[in-house]
Each structure stands twice: as C-alpha cells, then as structure tokens.
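Okay, structure first, notes after.
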Amino acid sequence: MDFAILIDSQADIPLHRQVYEEIRLQILSGRLTPGQRLPSTRSLAQSLGISRATVTQSYEQLLSEGYLETILGSGTFVCDRLPDDLLNTAPIESISSATNSSITLSAYGKNLNNKAFLRLPELELQINFTYGRPAFDKFPIDLWRKLLSRHCRSHPSVLDYANDSMGYQPLRQAIASYLSRSRAVKCTSEQIIIIGGSQQGLDLIARLLIDKGDLIAVEEPGYLGAQRAFLSQGACLFPISVDKSGLEVTNLTTTSNIKLIYITPSHQFPTGAVLSLERRLKLLNWAQQSGAIIIEDDYDSEYRYSGHPIPALQGLDRGNSVIYIGTFSKVLFPALRLGYLVLPDNLVHIFTRAKWLTDRQCSLLEQHALTDFIGEGHLERHIRQMRSLYDQRRQILVQSLISQFGDRVQILGDNAGMHLMVKIDTDMSDEVIVQNAAQLGLGISAAHPYYLNNSPGSEFVLGYAELNEQQIQEGVRRLAQVILGA
C-alpha cells in the first residue's frame with residue numbers, strides 16, 4: 001500500500017531519523033492502530049525514493065523500542081501492546097477541531113446553514129413505519145445481478161465517460177415509451193434527462209429557475225425535500241392548502257407573482273389526496289395565463305389500488321408549462337440513484353448543461369441494466385406484483401388501525417401509494433407520542449414538520465410497503481399502547 005510520510009532530503013535531520021519520527025508520530029496519534037500492517041521496507045523505500053537500507057534502519061529502531069513487531073512470513077505490524085511510557089502520552093489534537101474563522105459561506109451555503117435543514121439520524125427500531133421504502137426482499141435481485149453482469153462482460157464502454165449528459169439514449173427511449181403507456185405522458189426521448197434521483201431534479205430546477213426572493217407555491221402540507229431545495233436558492237414559499245380533492249387551486253389567484261408551483265397531484269405527499277380532473281384543468285389554465293411553471297412530482301403514482309389509473313398532469317398540458325419528475329427509487333430500490341426529468345423543449349439544453357456541471361453523468365452500467373429491465377418487461381411485471389402486495393399491506397394497516405382505535409382514527413387520502421396519513425383523536429402531543437413509541441421499538445413520523453404554517457397536530461404518516469402483515473399488526477398494537485394505554 002502507499003504510505004504517506006513527509007521527508008525532506010535537504011533537512012539537517014538524517015532521513016532514517018525522519019522516517020522513524022513520522023511513523024512513531026502516526027502511532028502516537030492513533031493514525032496507525034495496534035495490529036495494523038506496515039508496508040515492506042522495499043515498497044516503502046520505492047514509494048519515498050530513498051534507499052532500502054535507510055528504511056530498514058528506521059524499522060529496526062522502532063522494533064527495538066517496542067513500537068513495531070515482525071511476524072515471520074506475514075510482515076511488520078504495529079505492536080498490540082505499546083511501551084508503558086506511551087500510556088501517559090496525550091493524543092495529538094485532531095486537525096478537524098481547528099476552526100478557520102476566515103471561511104465565508106456563499107449565499108447558497110448560508111441558506112443551507114439553517115436548522116430547517118437539519119436531518120435527524122434514523123434510529124434502529126424493531127418496527128419502523130418509515131415512508132418511501134419498498135419491499136426490498138421482493139425485488140428480483142438475481143435478475144438484476146444477471147443484467148449487470150451481462151453489460152460488464154459485453155460493454156466495456158460502461159466504464160467510460162458518457163457521450164451524452166442527458167443519459168443513455170436507449171434508456172430515455174424506453175422511459176418515454178413506458179410513460180406514454182402507463183402515465184399518458186406526452187414526450188419524446190429528446191425531452192428526457194436521466195438524473196440521480198428526484199432530489200437532484202429538484203436541485204437542478206431550483207438552481208436554474210429560482211432567484212432570491214422569487215415566490216414559489218407549494219402544497220400545505222408538503223414534501224420537505226422540495227421546500228428545502230427552493231429555500232436553498234433564497235425562494236419565498238407560498239403555501240397552498242390541500243383538501244380531499246388535492247390542491248385548492250382557487251387560492252393561487254390571491255397573488256399575481258408566483259413563478260413556480262410544486263405539486264404531487266397523483267398521490268399528494270403526505271395527505272394522499274388525488275388532484276381532481278377539474279382542478280387539474282384549472283391549474284393548467286392558471287399556469288398558461290400567469291406564465292408560471294408547474295413541477296409535477298410523480299413519485300409513487302404506479303401504486304393505485306382502486307378505480308382507473310389517473311393520467312399525469314403533463315399529458316393534459318398544452319402550453320409547455322409542466323416539468324415532470326419521476327424516480328425508480330420507490331419502484332425498484334433507493335440505492336438505484338436513477339430518475340428522470342421530462343422537460344419542455346426550450347429547457348432541455350440548459351438543463352443538460354447544468355446536469356453536466358453537477359455530476360457529468362449517472363452510472364452507465366446501471367443505465368444499461370435498467371434499459372433491459374424495462375425493455376424485457378421486468379419493470380411492469382414487478383410493478384404489478386408490488387401493486388398487489390402493497391394493496392394487501394395497506395388493507396391490513398387500515399383494518400388494524402380501525403380495530404385498535406375505532407372511531408378515534410381517521411384515514412386520510414386515497415387508496416394508493418406506499419404510505420397513508422392518519423389523524424388520531426388524542427390529547428397527547430406529537431413529540432411525546434413519537435418518543436414513547438420509539439421506547440417500544442416503534443418508529444412513526446408526525447406530520448407537523450410538513451406544514452409551513454401551524455399544523456392541526458395528531459396527524460401521522462405511516463409507511464407500510466416494507467413491513468409484513470405481522471409487523472404491521474404489532475406496530476399498530478404498540479401505537480395503541482402508547483396512545484390508549486392498551
């Protein structure tokens with residue numbers, strides 16, 4: 001291995017002494033840990049550009065003082081038990097503890113340096129109703145491994161830079177065809193850009209379309225990832241309330257300078273409401289008259305369990321007013337950082353340039369594998385299987401909630417998606433419920449962080465896609481124990 005040692009051939013201190021001091025210092029500071037193997041004298045000498053005899057002399061001194069030990073046939077290692085006088089040696093101060101007071105953040109950095117952007121660590125819980133996580137054990141991992149292996153063997157170009165920052169063209173064509181069939185989206189492959197998940201899409205939109213002080217309309221309550229992306233560019237957020245029919249479009253007319261609106265019309269996050277056709281048409285008409293851009297986040301629309309599929313808002317648009325965001329994180333697995341933007345023609349060029357500056361390209365290997373996954377019918381087969389599974393799990397969750405809480409629980413939203421929102425009649429605060437549930441090994445999310453204004457409270461977002469029947473029932477039982485004392 002390469003071994004970072006600083007030596008100065010012009011210094012008065014002999015080279016063997018410099019090597020000795022550097023290794024000893026790294027042992028004392030903990031950068032070299034007990035039992036860690038050191039490079040051979042030959043390889044270290046070659047790396048430093050000095051004679052092997054010089055390195056050997058340094059090693060011998062360290063061996064004699066008890067810092068190092070040799071194991072025949074294995075190499076040279078840091079001693080597990082260091083000399084007694086080292087036990088009282090104070091550790092060297094970490095460089096990271098020093099503060100550079102001269103560093104000045106940009107406006108973007110200052111916006112991020114806000115407690116609103118704080119992400120709390122997820123706890124290890126026995127049962128976690130976290131949202132947005134699919135059933136990992138049901139994903140055809142062997143098939144996915146086969147597709148990856150196929151392209152590793154036959155396409156060495158997947159290891160190279162991409163020729164097109166828009167993404168692998170056959171994948172864009174496959175997505176365009178899939179969206180036309182399943183979501184009634186009207187687009188060609190030349191309007192699609194492959195992105196590293198929907199959050200990168202929101203970040204690109206914020207960087208390219210929002211200036212400081214711009215008024216951006218968002219759903220109330222709404223998705224935090226979008227709110228934070230817009231706030232990072234200095235936007236002013238204008239909350240629009242949501243009812244059982246989705247966004248209350250008439251509230252948009254109360255102000256005339258909204259530049260952009262972000263919505264989740266097919267399964268509103270977090271309430272689960274579906275935007276009615278009447279309101280969709282009113283929203284599109286408003287956008288065309290005002291010149292505003294609509295951001296349609298279609299994050300889990302594949303999972304609708306009753307009624308007819310609802311076409312995407314983009315497919316109804318006649319004025320190039322809609323940017324459509326989709327992701328494979330919910331459909332397949334979150335570690336697959338692939339999503340897509342469907343853009344109006346006049347925005348494709350500038351978004352492609354911005355994508356190149358952001359990360360040059362998404363993984364070509366995974367793009368090739370995903371192309372086959374879609375083209376060979378595996379995606380739609382997987383979605384059909386998951387739709388049936390998630391429908392069953394949602395029904396179990398609803399039945400368990402009603403069984404435990406009776407008329408004290410209200411199930412919000414439509415029969416769709418991978419989570420549902422509930423309102424529970426209780427005098428306990430949201431924070432106490434969440435904390436007490438965690439003590440029982442149960443993870444739940446209160447809905448109040450998704451409100452820009454004051455939330456009504458006692459609302460919770462429960463994801464169910466990842467949990468089996470027993471976990472769902474036991475989780476609801478523990479929630480009842482917290483709230484009802486049952």
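Everything numeric in this text was worked out from a predicted model, so none of it was measured. Residue numbers count from 1 along this sequence. The analysis underlying the following values was restricted to heavy atoms, covering all of them including side chains, and did not include hydrogens, waters or symmetry mates.
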Worksheet, complete the sentence: For residues 172-194, the ring-ring contact (aromatic ring centres under 6.0 Å, His included) pairs (sequence neighbours left out) are none
Response to the item:
So ring-ring contact (aromatic ring centres under 6.0 Å, His included) across residues 315-349, not counting sequence neighbours, yields F139-F333, W144-F333, F328-Y340
Practice prompt. Scan residues 299-313 for pairs that pass salt bridge (charged side-chain N to carboxylate O under 4.0 Å, His left out), counting only residues two or more places apart or in two chains.
Written response: R304-D414
Discussion item. More than 12 heavy atoms of other residues, nucleotides or ligands under 6.0 Å from CZ of R353: yes or no?
Written reply: no
Discussion item. Could you work out, with side-chain hydrogen bond (donor to acceptor under 3.5 Å, both in side chains) as the rule, every residue matching R181, not counting sequence neighbours?
Written reply: S177, E380
Worksheet entry | Where at least one partner belongs to residues 181-204, residue pairs that pass ring-ring contact (aromatic ring centres under 6.0 Å, His included), sequence neighbours excluded | none
Fill in: For D317, side-chain contact (heavy atoms from CB on, under 4.5 Å) partners two or more places apart
L284, S321, V322
Worksheet entry | side chain to side chain donor-acceptor pair (under 3.5 Å) partners of residues 416-443, not counting sequence neighbours, each pair once | D430-H448
Practice prompt. Determine the interplanar angle of the F269 and Y299 rings, folded into 0 to 90°, and report it as parallel if under 30°, tilted if 30 to 60°, perpendicular if over 60°.
Written response: perpendicular
Worksheet, complete the sentence: Those residues at least two apart in sequence (or on a different chain) that pass side-chain hydrogen bond (donor to acceptor under 3.5 Å, both in side chains) with H151 are H155, D372
Response to the item:
For R183, the side-chain hydrogen bond (donor to acceptor under 3.5 Å, both in side chains) test, sequence neighbours excluded, returns S266, D298, S301
Practice prompt. Tell me, please, which residues at least two apart from Q395 pass side-chain hydrogen bond (donor to acceptor under 3.5 Å, both in side chains).
Written response: D391
Item to complete: With sequence neighbours excluded, tell me which residues meet salt bridge (Lys or Arg N to Asp or Glu O under 4.0 Å) with E190.
Response: R172
Discussion item. Just to verify, what does K330 make a salt bridge (Lys or Arg N to Asp or Glu O under 4.0 Å) with, not counting sequence neighbours?
Written reply: none
Discussion item. Distance alone, cut at 3.5 Å: any donor-acceptor contact between the side chains of T130 and E466?
Written reply: no
